[in-house]
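Reading through the structure tokens given below for one structure.
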Amino acid sequence: MPELPEVETIARGVNARVRGDRIVHAWFANHQRLFKSHAVRQAKGLEGRVLVSVHRTGKHIVCELASAPKGRHSSKAELQPDAQWIVHLGMTGRLLVTTPDAPVAPHTHARLELESGKELRFVDPRRFGKLDFRDLKGGEAFNAAGAEPLMIAQEEFAALFRGRKLAIKAALLNQSLLSGIGNIYADESLFHAGIRPRRGAGRLTRAELERLRLALQSVLEQAIRLGGSSVSDYVDAEGMRGFFQLEHCVYLRTGQPCRHCGTPIQRITLAGRGTHFCPKCQR
DNA sequence: CATTTCACCTGGTGGC
DNA sequence: TGCCACCAGGTGAAAT
């Protein structure tokens, strides 16, 4: 489900609600594939630690955790993190902050009870999500493989695609090149840059690459401002839908008129994914 | 190595 | 109403 703007929206929402709170109990469902490190180890690591901050890296939500003696509430947010809980939402994952009496949704696979009484819940019908715990003593902090699309500079961006034979859309989806772009924002940014998804990544001109970089950044930034795209079931940490789906120009608009020229939007399959573009505006 | 395909899951939709 | 085929925002392992 969630790509960079949705994950950013969720991370900000969770951070605002749980920052400084302590995890008093962690419960995990018995679905082994969800856990990159063993569920028992994750629960042990989480219980007693304070959530110092929650932020996004690529499509991952990173919760910074610190061990802290009980009863000192004044400066919890400034504690030095010594562990991380990393949540990947897969296609259908949700990370929600709820009251303890809120009904437990079907497919709830994790519940963290917090000292304040709130709960942090992970819900994921298709179970493509992943939960990981890292102890920073002895282990490495989490790092996304690819570059951040919102931060990358012109030269570095162009270098990512040099010499590559795969289609530009496939390259945009490759998380070890850029992290955070998924099917919606790949299609939308290629539309705004006027580039056909099947074009070879290594054959784009410098001008096209720079148009693409700027299109990606403006599309992602606008989507974050609108709280992400709610195509079917995406909601933020409070269960609220986003609004960027109303701004989509091509994604899931097969056969509908292009917003710029009126030509019907085409759908093809590329890299195994539904791919949408305007045959007139994109060359 | 680079690139492509497919399995992993459940649920929603639309045709018959 | 039921059954079925097909579709879905992601990733990583296996095949090419």
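Throughout, a chain's letter reflects where its sequence line sits, starting with A, and its residues are numbered from 1.
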Contacts under 3.5 angstrom, residues 181-189 of chain A side chains, donor-acceptor by atom type, not counting sequence neighbours:
from     : atom 1 : to       : atom 2 : distance (Å)
A:Asn183 : OD1    : A:Lys169 : NZ     : 2.4
A:Asn183 : ND2    : A:Gly274 : O      : 2.9
A:Tyr185 : OH     : A:Glu6   : OE2    : 2.6
A:Tyr185 : OH     : A:Ser229 : OG     : 2.7
A:Asp187 : OD1    : A:Lys169 : NZ     : 2.7
A:Asp187 : OD2    : A:His276 : N      : 2.9
A:Asp187 : OD2    : A:His276 : ND1    : 2.8
A:Glu188 : OE1    : A:Cys249 : N      : 2.7
A:Glu188 : OE2    : A:Cys249 : N      : 3.2
A:Glu188 : OE2    : A:Val250 : N      : 3.0
A:Glu188 : OE2    : A:Tyr251 : N      : 2.8
A:Ser189 : OG     : A:Tyr185 : O      : 2.6
A:Ser189 : OG     : A:Ala186 : O      : 3.3

Tabulated below should be each protein N or O lying under 3.5 Å from an N or O of nucleotides 11-13 of chain C; please produce it.
from   : atom 1 : to      : atom 2 : distance (Å)
C:dT11 : OP1    : A:His88 : NE2    : 2.8
C:dT11 : OP2    : A:Lys59 : NZ     : 2.7

Mind listing the side-chain donor-acceptor pairs of residues 266-273 of chain A below 3.5 Å, one per line with the distance, residues two or more places apart or on another chain?
none

Is the ring centre of A:Phe191 less than 6.0 Å from the ring centre of A:Phe277?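 Ring-ring flag for A:Phe191/A:Phe277: false, centres at least 6.0 Å apart.
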So, A:Phe142 versus A:His60, ring centres under 6.0 angstrom or not?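 Ring centroids of A:Phe142 and A:His60 are less than 6.0 Å from each other.
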When you compare the side chain of A:His25 with that of A:Glu47, does any pair of heavy atoms fall below 4.5 Å?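 Touching, per the 4.5 Å side-chain cut-off.
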Check side chain to side chain contact (heavy atoms under 4.5 Å, CB included) between A:Phe128 and all other residues, then give those that pass, not counting sequence neighbours.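 Checked A:Phe128 against side chain to side chain contact (heavy atoms under 4.5 Å, CB included); matches are A:Met91, A:Arg126.
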Under 4.0 Å between a side-chain N or O of [X] and OP1 or OP2 of [N]?
X        : N     : value
A:His31  : B:dC9 : no
A:Arg127 : B:dC8 : no
A:Arg126 : B:dA7 : no

Rounding to an integer number of Å, can you tell me how far [X] [atom1] sits from [N] [atom2]?
X        : N      : atom1 : atom2 : result
A:Arg164 : B:dT4  : CZ    : C1'   : 14 Å
A:Asn183 : C:dC7  : CG    : C1'   : 12 Å
A:Asp124 : B:dC8  : CG    : P     : 17 Å
A:Leu270 : C:dA8  : CG    : P     : 13 Å
A:Leu89  : C:dA8  : CG    : C1'   : 16 Å
A:Asp132 : C:dG10 : CG    : P     : 20 Å
A:Ile268 : C:dC7  : CD1   : P     : 15 Å
A:Ile184 : C:dG10 : CD1   : P     : 7 Å

Hunt down any stem DNA chain C takes part in, defined as 3 or more consecutive Watson-Crick or G-U pairs whose two distances are each under 3.5 Å.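 Listed by first number, the stems are B:2-8 with C:10-16, B:10-16 with C:2-8.
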Using the side-chain heavy atoms of A:Glu3, tell me which of these nucleotides is nearest: C:dC7, B:dT3, C:dG10.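 Closest nucleotide among those given: C:dG10.
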Can you figure out which of B:dC8, B:dT10, B:dT3 approaches the side chain of A:Arg33 most closely?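 Of B:dC8, B:dT10, B:dT3, B:dC8 is nearest to the side chain of A:Arg33.
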With a cut-off of 6.0 Å (strictly less than), are more than 12 heavy atoms of other residues, nucleotides or ligands near CZ of A:Arg33?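 Not buried by this count: 12 neighbours or fewer within 6.0 Å.
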Categorize A:Tyr185 for me: base, sugar-phosphate, or nothing, with a 4.0 angstrom heavy-atom threshold over every strand shown.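 It contacts nothing in the nucleic acid.
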Tell me, please, which residues at least two apart from A:Arg12 pass side chain to side chain donor-acceptor pair (under 3.5 Å).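 Scan of A:Arg12 (side chain to side chain donor-acceptor pair (under 3.5 Å), adjacent residues dropped) gives A:Glu8.
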Under 3.5 Å side-chain donor-acceptor pair for A:Asp124 and A:Thr92: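 A:Thr92 and A:Asp124 do have a side-chain donor-acceptor pair below 3.5 Å.
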